[in-house]
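Comments concern the structure below.
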2 protein chains.
Amino acid sequence: MRAYTCGLDAAADVIGGKWKPRILWALHHGPMRFGELRREISGVTEKMLIQQLRELESRDIVHREVFHQVPPKVEYSLTELGRSLNEALIPLDTWGSEHLTELEASRVR
Amino acid sequence: MRAYTCGLDAAADVIGGKWKPRILWALHHGPMRFGELRREISGVTEKMLIQQLRELESRDIVHREVFHQVPPKVEYSLTELGRSLNEALIPLDTWGSEHLTELEASRVR
DNA sequence: GCGCATACTTACCCTTCCGTCAGTACCTGA
DNA sequence: TCAGGTACTGACGGAAGGGTAAGTATGCGC
């Protein structure tokens with residue numbers, strides 16, 4: 001493993017993974033339960049969602065809170081670091097939205 | 001293949017790939033020859049560099065210009081779209097730089 | 001005592017991604 | 001004539017990432 005060569009390099013490592021951008025986006029509006037996230041992020045499986053959430057949690061981007069009740073309840077929310085990351089992602093989302101048509105067109109597969 | 005669910009989704013698809021962020025960053029200061037890029041981006045192999053450049057070219061992020069001379073000369077530069085993408089990446093780079101220490105610390109492997 | 005809801009966990013497999021390495025084509029200068 | 005510089009190309013294999021499907025624990029209501 002080499003050291004990160006620039007901030008972008010580090011950031012790309014954090015948000016890398018098929019579902020991470022969508023998780024971050026979904027949590028933008030506040031805490032969500034596991035099941036809510038699964039329904040919100042169409043196409044994701046339970047295994048992948050948990051895996052990506054755990055990775056974000058270990059990076060201190062996402063906070064996980066367990067409510068000891070039955071049926072179980074677990075809430076996921078953005079940490080301060082996660083919120084600042086989301087802020088930094090806004091211009092990128094805007095860029096993607098502005099060029100959505102051409103990006104869809106040049107997409108492979 | 002599903003349609004992009006948001007701009008961020010689309011943008012992540014464009015910059016996805018092990019070397020794309022570093023390529024974009026290297027081209028920030030102007031056109032570069034293939035060999036210059038290879039030397040600038042330490043660790044990349046010729047095959048991977050070409051592959052990623054071709055993908056960026058097909059997305060109209062990077063422009064490829066061949067100079068018919070010997071030895072061959074090929075210059076890569078950012079298109080207008082590429083420049084706007086780079087602008088949108090600046091906040092993300094800043095975020096990464098600001099949190100570099102903690103990100104290095106929570107890194108796996 | 002049985003199904004249901006929630007939030008996971010695990011085993012297995014398959015595809016995609018990436019790296020290694022060898023080879024191509026062209027002209028130049030020694 | 002032969003090494004050298006430049007910009008590729010392609011075969012092969014391993015590692016990483018992601019998908020499928022089945023199973024776990026807990027207590028509640030019927």
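Just so it is clear, the structure is predicted and the values come from calculations on it, not from any experiment. Labels below follow one simple rule: chain letters A, B, ... track the order of the sequence lines, proteins then strands, and each chain is numbered from 1.
When atom types are taken as modelled, the side chain of D60(B) and the backbone of T79(B) share no donor-acceptor pair closer than 3.5 angstrom.
Residue E102(A) comes nearest to E98(A) through the heavy atom pair OE2-O, 4.5 Å, listed as atom of the first residue, atom of the second, then distance.
No contact: R38(B) has no heavy atom under 4.0 Å from any strand. Contact annotation for Q52(A): backbone-only contact, meaning every heavy-atom pair under 4.0 Å involves sugar-phosphate atoms and none involves a base. Within 4.0 Å (heavy atoms only), Y76(A) reaches sugar-phosphate atoms of the nucleic acid but no base atom. Residue contacts for E55(A): at a heavy-atom cut-off of 4.0 Å it reaches no nucleic acid atom on any strand shown.
The CE atom of M48(A) sits 9 Å away from the P atom of dG17(D) (whole-angstrom rounding). To the nearest angstrom, P of dG23(C) lies 18 Å from CD1 of I50(B). Spacing between atom CD of E75(A) and atom C1' of dT6(C) amounts to 14 Å, rounded to whole angstrom units. As a whole-Å value, the separation of H68(A) NE2 from dA25(D) C1' is 14 Å. Distance NZ (K47(A)) to C1' (dC14(C)): 11 Å, rounded to an integer number of Å. The CG-C1' distance, from L37(B) to dT6(D), rounds to 14 Å in whole Å. Here the P atom of nucleotide dA7(D) and the CE atom of M32(B) are 11 Å apart, to the nearest Å. In this structure, the CZ atom of F67(A) is 25 Å from the P atom of dA25(D), given to the nearest Å.
Between K18(A) and dT16(C) there is no side-chain polar atom (N or O) within less than 4.0 angstrom of OP1 or OP2. In this model, the phosphate group of dT9(C) is approached by a side-chain N or O of R54(A) to a distance below 4.0 Å at OP1 or OP2. Distances shown here put every side-chain N or O of R33(B) at or beyond 4.0 Å from the OP1 or OP2 atom of dT6(D).
Of the two residues contacting DNA chain C, namely G17(B) and E46(A), the nearest-nucleotide position lying further toward the 5' end is that of E46(A). In terms of position on DNA chain D, the residue among T45(A) and G35(B) whose nearest nucleotide sits closer to the 5' end is G35(B). If V70(A) and Q51(A) are placed on DNA chain D by their nearest nucleotide, the residue sitting closer to the 5' end is Q51(A).
Taking a cutoff of 4.0 Å between a charged side-chain nitrogen and a carboxylate oxygen, R64(B) and E75(B) do not qualify as a salt bridge. Classification of R33(B) and E36(B) as a salt-bridged pair fails, no side-chain N sitting under 4.0 Å from a carboxylate O. The residues D9(B) and K18(A) are annotated as not salt-bridged, no charged nitrogen and carboxylate oxygen being separated by less than 4.0 angstrom.
Checked against dT6(C), dC8(D), dC12(D), the side chain of V74(B) finds its nearest nucleotide in dC8(D).
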